[in-house]
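Presented below is the structure to which this report refers.
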Number of protein chains: 2
Amino acid sequence: MVASSDREDQLKRDRATRNFVTAEDVARLAGVSRSAVSRTFTPGASVSADVRHRVQEAARTLGYRVNRLARSLISDQSNLVGVVGANLSMPFMARQLDELSRALLKRGLQCLLLNAAEAEQGVAPLIELILEFRVRAIVVMSGSPPSSIIDECMANGVRVILVNRQDTDTEADTIISDDLGGARIAAERLLQAGCRRIGVVGSGARTPTQIRRRVAFTDCIEEAGIKPAVWASGETAYETGMAAAKGLLGSHDLDGVFCVTDLLALGFLDGAHGTGRRIPEDLSVIGFDDIPQSAWAPYRLTTVRQSMSDLTGSVLATIEREMHGKAISLVHEVLPVELVERATVRSST
Amino acid sequence: MVASSDREDQLKRDRATRNFVTAEDVARLAGVSRSAVSRTFTPGASVSADVRHRVQEAARTLGYRVNRLARSLISDQSNLVGVVGANLSMPFMARQLDELSRALLKRGLQCLLLNAAEAEQGVAPLIELILEFRVRAIVVMSGSPPSSIIDECMANGVRVILVNRQDTDTEADTIISDDLGGARIAAERLLQAGCRRIGVVGSGARTPTQIRRRVAFTDCIEEAGIKPAVWASGETAYETGMAAAKGLLGSHDLDGVFCVTDLLALGFLDGAHGTGRRIPEDLSVIGFDDIPQSAWAPYRLTTVRQSMSDLTGSVLATIEREMHGKAISLVHEVLPVELVERATVRSST
DNA sequence: GCAAGCTTTGCACACGTGTGCAAAGCTCCC
DNA sequence: GGGAGCTTTGCACACGTGTGCAAAGCTTGC
């Protein structure tokens, strides 16, 4: 016991100049080769039960953890997946990241998160940085990467998956919810409710999702011979929805409004309450996303739901197909959306 | 041009069996040694302007990105920081992750996010996994790691920083908001408002933060000779707050309630509205956290704010001190909180 | 006991980078 | 032109792991 303790102390001193225990340290304590240590920690590799036991004991004693960086060097790839997102505290985005990071871990993948909140030069520099970690894939939840950086990713065998952003001139995979279909659902629902003086609330953000929803809704309403009033300035935030209510309802006698996100809609509802209008009797309001707060008692927002689990499932499926060497062509997936009827839109006329 | 194009094509084929461009590829195209390539991409290393230019041109042509995994192998450390969190879509946690990931990136650190939502064996296995990536530090926002894994981290030179969780028997750094002081503020504010029939709403979660707030508040109220009614079941969610309102207000005629989180308080407020009580005339409600939704028009919740930027700042400061080799003793930091007066607590009696 | 076949082992190399150091190269001054 | 001093360069090694392969070891059947 004394000799054993002295040996362990000596081994620990031997690596004092570096922090982490190496396979070499374990091999010395276990009295085997470094190769045996490696084989013990490599599933399916050949090692005798006796050696395996001695190695595991030594590893436990020393607190050895395989160095994934070194391991990844051999395969030229890590199990990292880069995830680029901004506005991570906004309800919809927070939910998306929650579910995606959960699903990645479940599949043995690790999430390298890059917050694009202050990406003044766009997301390209972030993607360049991610590439240096030899990730398997990159999921872009915010920002629109230029095609040059996407081409570079593809050249390096790294899939880029755009979530809810669609740029038709890139080589990236895209997985989006059916914004056009959702906007049509919203338009039809308002028309069905008898609304004829209609508004649409967006924000100052020039994101593809918001523009797509606003334009599609506007087109549908104009097909019915109505020219909707438009609000499109400010941040994509609750406060903007409230400002839109005061702005639009001060100058228009609207009876139906579509907000391109639920967060805008919740602010709009609170602003509309301040003008004395009754919801939905005087004014119907419909949103898009179905964030948790939309179901809260003061709101009970009627909205178009995009399924977070469908989105996440598609992202993971795309990554896994690539991982299993099944070369696939670009994925362009449009996920269905559905109407969630609550209390902010009148029943049929 | 033709010869140059042929040479580039040949170089690309040479590495066809691996995805990423290496420094060796760049060196061949630029006609220099691989060492020159390395020096070109190492700040402060000696390389002539001519060689530097040729290397950079070749790197751009081939799309070369330094392999951070290999680079980290030399230093036995990456610039990764492990972040462990659960309930990432809850407003408070989402905000914390948003700010932390933003600040890490700003400091040249990368966020390795591990979602602990389904960590049935606690967070220790996640921390073990993180250690394999040779991270610089680990920030734990959810879960209570056992001291054994924390000791292992320390032995490997990895700081573990617990945020808003305090276990006095561990070697981890802890950065928490002043839950005791905040609970005292809430208690005093309700007493000052003249409340004498007081309740406290927690959840079924046995997290240190919630227990601490509930117990501290209860102690303060009992010092005033009042025995508060307690609710402590269900998830830490809006719906639990609503259930607590129905449960407590159905059996108690309360005039003041402290909810240990804002999310519980918002649900409680909506549940209280359903019982016909006026806020704050009949019933004062105070929360803890100051999430964005607390300022929304239907709520305007009076609450105790913990400063997210202070929390994040302390975490980053701790990581950076460690990075700069300034060996410091354990950090135990308690950040001040403050009362945010809105509309849910009566004025003074 | 011996041969055949299977399992296990350690050596030496690879992976992609940074760096110490000796040698080569360059610049400046006398 | 030569010497001194500075800059630059490429070689060879390190970092920590996985693996091909030849050699060693083990097991089974005759």
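The sequence lines fix the lettering, A, B, ..., with proteins before strands; numbering per chain opens at 1. Side chains included, hydrogens not; waters and symmetry mates left out as well; all remaining heavy atoms used.
Atom CZ of B:Phe133 is separated from atom P of D:dC15 by 22 Å (rounded to the nearest Å). Rounded to an integer number of Å, the gap from CG of A:Asp50 to P of D:dG25 is 15 Å. The interatomic distance linking A:Leu73 (CG) with D:dA14 (P) rounds to 16 Å, in whole Å. Counting to the nearest Å, the C1' atom of C:dC15 and the CG atom of A:Asn67 are 13 Å from each other. Atom NE2 of B:His53 is separated from atom P of D:dT8 by 17 Å (rounded to the nearest Å). Atom CG of B:Leu131 is separated from atom C1' of D:dG16 by 16 Å (rounded to the nearest Å). A:Arg52 has its CZ atom 13 Å from the C1' atom of C:dT7, to the nearest Å. For the pair A:Glu24 CD and C:dC11 P, the computed distance is 10 Å after rounding to whole Å.
OP1 and OP2 of C:dG16 both lie 4.0 Å or more from every side-chain N or O belonging to B:Ser38. Phosphate contact (OP1/OP2 of D:dT17, side-chain N/O of A:Arg65, threshold under 4.0 Å): absent. The side chain of A:Thr22 contributes no N or O atom lying less than 4.0 Å from OP1 or OP2 of D:dC15. Distances shown here put a side-chain N or O of B:Arg134 below 4.0 Å from the OP1 or OP2 atom of D:dT17.
Across D:dT17, C:dG10, C:dG16, the shortest atom-to-atom separation from the side chain of A:Tyr64 is found for D:dT17.
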Taking N or O atoms only and anything under 3.5 Å, show me the protein contacts with nucleotides 20-22 of chain D, one pair per line.
none

Pairwise N/O distances under 3.5 Å, protein to nucleotides 23-28 of chain C:
none

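Under the 4.0 Å criterion applied to side-chain N and carboxylate O atoms, A:Glu57 and A:Arg54 are not assigned as salt-bridge partners.
With the nearest nucleotide of DNA chain C identified for both B:Ala70 and B:Thr42, B:Ala70 has the one nearer the 5' end. In terms of position along DNA chain D, the nucleotide closest to B:Val47 lies nearer the 5' end than the nucleotide closest to the other residue of the pair B:Val47 and A:Ala45. Toward the 5' end of DNA chain C, the nearer of the two residues A:Ser48 and A:Arg34, judged by each one's closest nucleotide, is A:Ser48.
Listed by first and then second residue, the ring pair (Phe, Tyr, Trp, His ring centres under 6.0 Å) pairs involving residues 28-55 of chain A are A:Phe41-A:Tyr64 (not counting sequence neighbours). For the ring pair (Phe, Tyr, Trp, His ring centres under 6.0 Å) condition, no pair includes a residue of residues 135-162 of chain A, sequence neighbours left out. Note on residues 129-140 of chain A: pairs passing side chain to side chain donor-acceptor pair (under 3.5 Å), not counting sequence neighbours, are A:Asn79-A:Arg136, A:Glu132-B:Arg68. Counting only residues at least two apart or on different chains, no ring pair (Phe, Tyr, Trp, His ring centres under 6.0 Å) pair has a member in residues 120-151 of chain B.
Although no hydrogens or angles enter the test, the distance criterion places no donor-acceptor pair under 3.5 Å between the side chain of B:Asn156 and the main chain of B:Val158. Distance alone, capped at 3.5 Å, places no donor-acceptor pair between the A:Arg165 side chain and the A:Thr207 backbone.
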Residue pair B:Ser101, B:Leu105: steps toward the side-chain contact (heavy atoms from CB on, under 4.5 Å) verdict: CA-CA 6 Å; B:Ser101 58; B:Leu105 189 55; over 6 Å; no

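Judged by distance alone, the side chains of B:Ser148 and B:Asp151 never bring a donor and an acceptor atom under 3.5 Å apart. Looking at A:Ser48 and A:Arg52, their side chains never bring a donor and an acceptor atom within 3.5 Å of each other.
Heavy atoms of B:Val37 sit nowhere under 4.0 angstrom from any nucleic acid atom.
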